[in-house]
A.B. asks: 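Just passing along the structure, written as structure tokens.
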Amino acid sequence: MHIGLLEDDIAIQEMLRLVLQDEGYSVIIFPTAEDCLNALVVNAQTKPSTPLDLLIVDWRLPGSVSGTEVIHQLRDQANLSSLPIILTTAATFSDTEELQTLDITLLEKPFAIDDIVDRIKVLTLKS
């Protein structure tokens with residue numbers, strides 16, 4: 001199973017990569033919003049199916065593109081419209097309507113490793 005990780009914090013990237021690999025997942029890291037969009041949106045135009053089974057996205061990213069803006073662009077792609085996505089944030093995110101509209105799961109930082117692993121298992125069983 002392939003999990004994408006859009007996270008700019010190197011320590012969090014590495015910790016999640018190690019934990020997820022220990023759980024048997026293959027992890028593709030996207031350090032910037034542009035890297036993620038270039039990889040997934042360009043691939044969406046050339047390949048009929050997504051290479052990912054789930055994507056973890058940090059809400060607050062450096063630059064002008066937020067995690068939710070990335071998700072909006074991904075959801076516009078037919079083959080990514082139902083990709084399970086976990087949005088992580090250390091900030092207060094209270095727009096539950098946007099969470100429902102984008103069909104994403106929110107996980108607030110700091111989170112327990114067991115919490116993210118459990119959510120991944122639940123979300124990938126649905127898909």
Side-chain angles (χ1 to χ4, degrees):
M1 182 170 303
H2 302 285
I3 296 180
L5 175 60
L6 172 53
E7 172 63 62
D8 62 308
D9 184 307
I10 305 270
I12 294 173
Q13 274 181 21
E14 188 62 14
M15 180 267 303
L16 284 174
R17 182 185 66 77
L18 291 171
V19 166
L20 295 174
Q21 286 177 339
D22 283 348
E23 291 290 325
Y25 299 113
S26 170
V27 180
I28 301 166
I29 294 177
F30 305 109
T32 68
E34 292 76 20
D35 291 333
C36 183
L37 290 171
N38 287 339
L40 299 179
V41 173
V42 170
N43 283 342
Q45 295 170 356
T46 59
K47 295 182 182 178
S49 63
T50 178
L52 297 179
D53 298 294
L54 182 133
L55 181 63
I56 300 169
V57 178
D58 185 21
W59 179 34
R60 297 231 172 137
L61 299 166
S64 60
V65 181
S66 72
T68 52
E69 289 175 41
V70 169
I71 296 167
H72 276 286
Q73 291 184 44
L74 295 177
R75 290 295 190 227
D76 287 340
Q77 303 297 312
N79 67 325
L80 299 172
S81 63
S82 62
L83 176 70
I85 298 176
I86 297 173
L87 181 69
T88 64
T89 183
T92 302
F93 190 92
S94 58
D95 192 348
T96 56
E97 186 175 314
E98 185 169 33
L99 291 175
Q100 290 176 344
T101 300
L102 292 174
D103 189 24
I104 55 180
T105 299
L106 179 66
L107 187 59
E108 294 181 359
K109 296 176 185 175
F111 50 78
I113 294 304
D114 290 343
D115 288 344
I116 197 160
V117 169
D118 289 345
R119 292 210 189 176
I120 289 169
K121 288 177 182 174
V122 167
L123 289 171
T124 54
L125 285 177
K126 285 187 200 175
S127 55

A.B. asks: Which heavy atom in Ser66 sits nearest to a heavy atom in Thr68, and how many Å separate them?
C.D. replies: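 Looking at all heavy atoms of both residues, the closest pair is OG-OG1, 3.0 Å.
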A.B. asks: Quick one: side-chain hydrogen bond (donor to acceptor under 3.5 Å, both in side chains) partners of Asp118, sequence neighbours excluded?
C.D. replies: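 Counting only residues at least two positions away or on another chain, Asp118 forms no side-chain hydrogen bond (donor to acceptor under 3.5 Å, both in side chains).
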A.B. asks: Any pair with a residue in residues 51-86 that passes ring pair (Phe, Tyr, Trp, His ring centres under 6.0 Å), sequence neighbours left out, goes on the list, sorted by first then second residue, please.
C.D. replies: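 For residues 51-86: Trp59-Phe93.
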A.B. asks: Please report the interatomic distance CE(Met15) to CG(Leu20), rounded to the nearest 0.5 Å.
C.D. replies: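 Nearest 0.5 Å value for the CE-CG distance: 8.5 Å.
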A.B. asks: Search all heavy atoms of Pro51 against all heavy atoms of Leu40 and return the closest pair with its distance.
C.D. replies: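 Heavy atoms of Pro51 and Leu40 come nearest at CG-CD2, 4.3 Å.
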A.B. asks: Can you list everything that forms a side-chain hydrogen bond (donor to acceptor under 3.5 Å, both in side chains) with Thr32? Sequence neighbours excluded, please.
C.D. replies: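 Per chain and number, Thr32 pairs via side-chain hydrogen bond (donor to acceptor under 3.5 Å, both in side chains) with Asp35.
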A.B. asks: Can you get from Leu18 to Phe111 by hopping between Ile, Leu, Val, Met, Phe, Trp and Tyr side chains that sit under 4.5 Å apart?
C.D. replies: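 In one cluster with Leu18: Phe111, no.
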A.B. asks: Just verifying a value: how many Å separate Ile120 CD1 and Leu107 CG, rounded to the nearest 0.5 Å?
C.D. replies: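 Reported value, rounded in 0.5 Å steps: 9.0 Å.
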A.B. asks: Which pair of heavy atoms, one from Cys36 and one from Leu55, lies closest together, and at what distance?
C.D. replies: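 Closest approach of Cys36 to Leu55, heavy atoms only: SG-CD2, 4.3 Å.
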A.B. asks: Only counting residues at least two apart or in another chain, list the ones meeting salt bridge (Lys or Arg N to Asp or Glu O under 4.0 Å) with Glu108.
C.D. replies: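 Not a single residue meets the salt bridge (Lys or Arg N to Asp or Glu O under 4.0 Å) criterion with Glu108.
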A.B. asks: Quick check: closest heavy atoms across Val70 and Ala33, and the distance to 0.1 Å?
C.D. replies: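 Taking every non-hydrogen atom into account, CG2-CB, 3.5 Å.
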A.B. asks: CG/Leu52 to CD1/Ile28 distance, rounded to the nearest 0.5 angstrom?
C.D. replies: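 Answer for the CG-CD1 pair, Leu52 versus Ile28, is 5.0 Å.
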A.B. asks: Strictly distance-based, threshold 3.5 Å: is any side-chain N or O of Asp53 a donor or acceptor partner for the main-chain N or O of His2?
C.D. replies: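 Checked: pair present.
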A.B. asks: Working to the nearest 0.5 Å, report the span between OG1 of Thr105 and CD1 of Ile56.
C.D. replies: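 If we round to the nearest 0.5 Å, Thr105:OG1 and Ile56:CD1 are 11.0 Å apart.
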A.B. asks: Answer yes if Met1 and Leu54 sit in the same cluster of Ile, Leu, Val, Met, Phe, Trp and Tyr residues linked by side chain heavy atoms under 4.5 Å apart, and no otherwise.
C.D. replies: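 They do share one cluster, since a chain of ILVMFWY contacts under 4.5 Å joins Met1 to Leu54.
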A.B. asks: For Phe30 versus Ala39, what's the shortest heavy-atom pair and its separation?
C.D. replies: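 Taking Phe30 first and Ala39 second, the nearest heavy atoms are CE2-CB, 3.6 Å.
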A.B. asks: Nearest 0.5 angstrom please: Leu74 CG to Leu37 CG, how far?
C.D. replies: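 Answer rounded to 0.5 Å: 5.5 Å.
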A.B. asks: Which heavy-atom pair separates Gln21 from Arg17 by the least distance, and what is that distance?
C.D. replies: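 Smallest interatomic distance, heavy atoms only, reads OE1-NH1, 2.7 Å.
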A.B. asks: Which pairs with one or both residues in residues 54-81 pass salt bridge (charged side-chain N to carboxylate O under 4.0 Å, His left out), sequence neighbours excluded?
C.D. replies: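 As it turns out, the salt bridge (charged side-chain N to carboxylate O under 4.0 Å, His left out) pairs with a partner in residues 54-81, which skip direct neighbours, are Asp58-Lys109.
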A.B. asks: Rounded to the nearest 0.5 Å, how far does CG of Leu5 lie from CG of Leu16?
C.D. replies: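 These two atoms lie 5.5 Å from each other.
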A.B. asks: Any donor-acceptor pair under 3.5 Å linking the side chain of Gln77 with the backbone of Asn79?
C.D. replies: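 Looks like no, no N/O pair under 3.5 Å.
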A.B. asks: Could you check if a side-chain atom of Val57 sits within less than 4.5 angstrom of a side-chain atom of Ile71, using non-hydrogen atoms only?
C.D. replies: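 Result yes, sub-4.5 Å side-chain heavy-atom pair found.
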A.B. asks: Using the test salt bridge (Lys or Arg N to Asp or Glu O under 4.0 Å), find all partners of Glu98 that sit at least two apart in sequence or belong to another chain.
C.D. replies: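 For Glu98, no residue satisfies salt bridge (Lys or Arg N to Asp or Glu O under 4.0 Å) once neighbours in sequence are set aside.
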